[in-house]
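Residues take their numbers from the sequence shown, with the count starting at 1.
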Amino acid sequence: MLGAVLAAVLAVPALAGCTGSVPPQAEGAGKGVIGGAQPETTTATPAAVQLKTDSPRESPGVVAAGGPGAPYNYGPTLMADGATNRMWWCSQYPGSPPPGDDILYAESASLDGPFTGPGGSVPPAVLSGNPGQFDGVHACDPSVIRVDGTYYQYYTGAAGDHALGNSIGLATSTDGITWQRANGGRPIVDPAHDTHRENLYGAGQPAAVYLDGWFYLMFTDTTGLAAGWNGAGQFVLRSKDPAFGSGVEALGEAGFAAVAGTNAPRTKSLVDAFSADLMWIDALNAWAIAHETADGTTITFWDRDFLRAPFQPLLIPGVWREGPGLVRRPDGHAPVSAKDPCGRVPLDVVRATVTGEAGAPTDLRRFGLDIVGVNACADPQRALTVLDGFAMPSPVRTMDLVVSGQVVRIDRRSVAQELAGHVLDTRLDVLNQFPVAARLESGTRALQATGLGVGFLLDDGRLYPVRRAEAVIANGSSTEDVTPAQWRGYPAGPALG
């Protein structure tokens, strides 16, 4: 969502929705500098590593679109969720009141699409304007993550086409389709009003990631002190509260520091861009920011504290008009290569590629490449993170599953296949350095409590919740009903599957 208030700045005819103007980054396509006075606000240090890449790719055509009457499609957020790829993006349905931007949802087994609504239906509008509130007309620019079974959707909302009227809201869901607004329907981030420029957009275009107990939120704020001359810039807040109502820290030149609220002065911009996306890459121990530059999507890297650039930027080439949305895991981390988890990192983005008849970006397509030669498992502790969800043969003809930094030994391969995201046929030597935390033997006792699901009670005395009930059947286990109080009385192990 980029707000019709930009129309005066960009001299583009207005539409009915909050895309009342062409997004500013689309105006920069092919012109080199996309944001402020410099293409990027950070330069790699002399010690920055030049990464190697291969497997360039792009979809043969459009991967997702709204149903009849949708005039534009842009601003996607993507979640690689097991065998399903899920996407939310900004569009507008004439029959979805109020008459403004809507957030659509679709899913596909392939990143090349087609992305459709559940069951092959037309992608539904899952979040629209909330009349009378800050997002009364427009809901756009989604960023969706899932933490402990809850979906968090950060989005841009606006009550109309008012100057500096854009703010960031939050909605939650248990399925990614039916959403409830959080924080009483009020915004969680407003413009800081450090300074006012010709660009009267305000605050929006969020990108969220969950890392080590922290919710990180990157976003645009054209009133931010460190934004470029035209309002371009990307700022970061973090909090252990997903609604950012307490314990908020803001990124400044010296790192993160506690602030009184989310409208604290924006003193450090990470990249000179609009509509960027953020991802944590465990294999590189680094942040990646995807933003559009002259020849495609540039990936800029930062260390954990956003203080230095450990790697030279990469380019995913190709045509673009707005975006991009990185393909990420549910927590906002980079996907892991199923065949070479220690040595290869897939990078894929979806972005709008043309300006449609409505004068706004549309035609979402996928572009990507792989980072290779990473050697992520050279560090044993990082290996446990990278290999999370992988199962592989054990030295004693069983299977070892890595889950939440621990190794769980599983007697039956069929059960490991149900519980693992990926199964390797060959054991990786790095796993020999870690003890087995618990063992799942055939017929292990399984407990079930109303509202809490089912779990295995393993030999370490902990109760391990199981996301796929098929694993209980495959293990030959009988299920015993217990009360929620009894369930909670057992020490909790990490969720399996």
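Rounded to the nearest 0.5 angstrom, C140 SG and L127 CG are separated by 10.5 Å. Here the CG-NZ distance, from L424 to K339, works out to 11.5 Å after rounding to the nearest 0.5 Å.
Donor-acceptor pairing under 3.5 Å is lacking for the side chains of D102 and S91. The closest side-chain donor-acceptor pair between Y151 and R86 falls under 3.5 angstrom. Inspection of the T300 and H291 side chains reveals an N or O donor paired with an N or O acceptor under 3.5 Å. No side-chain donor-acceptor contact under 3.5 Å links D148 and T150. Between the side chains of Y155 and D135, at least one donor N or O lies within less than 3.5 Å of an accepting N or O.
Residues P242 and L170 come closest through the heavy atom pair O-CD2, 3.5 Å. Taking both residues in full, the closest heavy atoms of A125 and S96 are given as CB-OG, 4.0 Å, listed atom of the first, atom of the second, then distance. Minimum heavy-atom separation, R382 to L284: NH1-C, 4.1 Å. Residues N166 and A158 share a closest heavy-atom pair of OD1-CB, 3.2 Å.
Between F215 and Y152, a ring centre-to-centre spacing shorter than 6.0 Å is recorded.
No more than 12 heavy atoms of other residues, nucleotides or ligands shown are found within 6.0 angstrom of CD on Q180.
Under the 4.0 Å criterion applied to side-chain N and carboxylate O atoms, D54 and R344 are assigned as salt-bridge partners. Looking at D112 and R57, no side-chain N of the basic residue comes within less than 4.0 Å of a carboxylate O on the acidic one, giving no salt bridge. The residues R351 and E322 are annotated as not salt-bridged, no charged nitrogen and carboxylate oxygen being separated by less than 4.0 angstrom. Taking the charged nitrogens against the carboxylate oxygens, R146 and D81 do have a contact shorter than 4.0 Å, which makes a salt bridge. Salt bridge status for R329 with D282: present, with a side-chain N to carboxylate O gap under 4.0 Å.
Each of F219, W302, Y216 was compared with V236 under the side chain to side chain contact (heavy atoms under 4.5 Å, CB included) criterion, and only Y216 meets it.
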Discussion item. Using the rule given for ring pair (Phe, Tyr, Trp, His ring centres under 6.0 Å), can you reason through W287 versus F306, listing the C-alpha separation, both sets of side-chain angles and the distance that settles it, and then say yes or no?
Written reply: CA-CA 8 Å; W287 294 100; F306 294 104; 4.9 Å; yes
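Using modelled atom types, no side-chain atom of T355 and backbone atom of G359 make a donor-acceptor pair closer than 3.5 Å.
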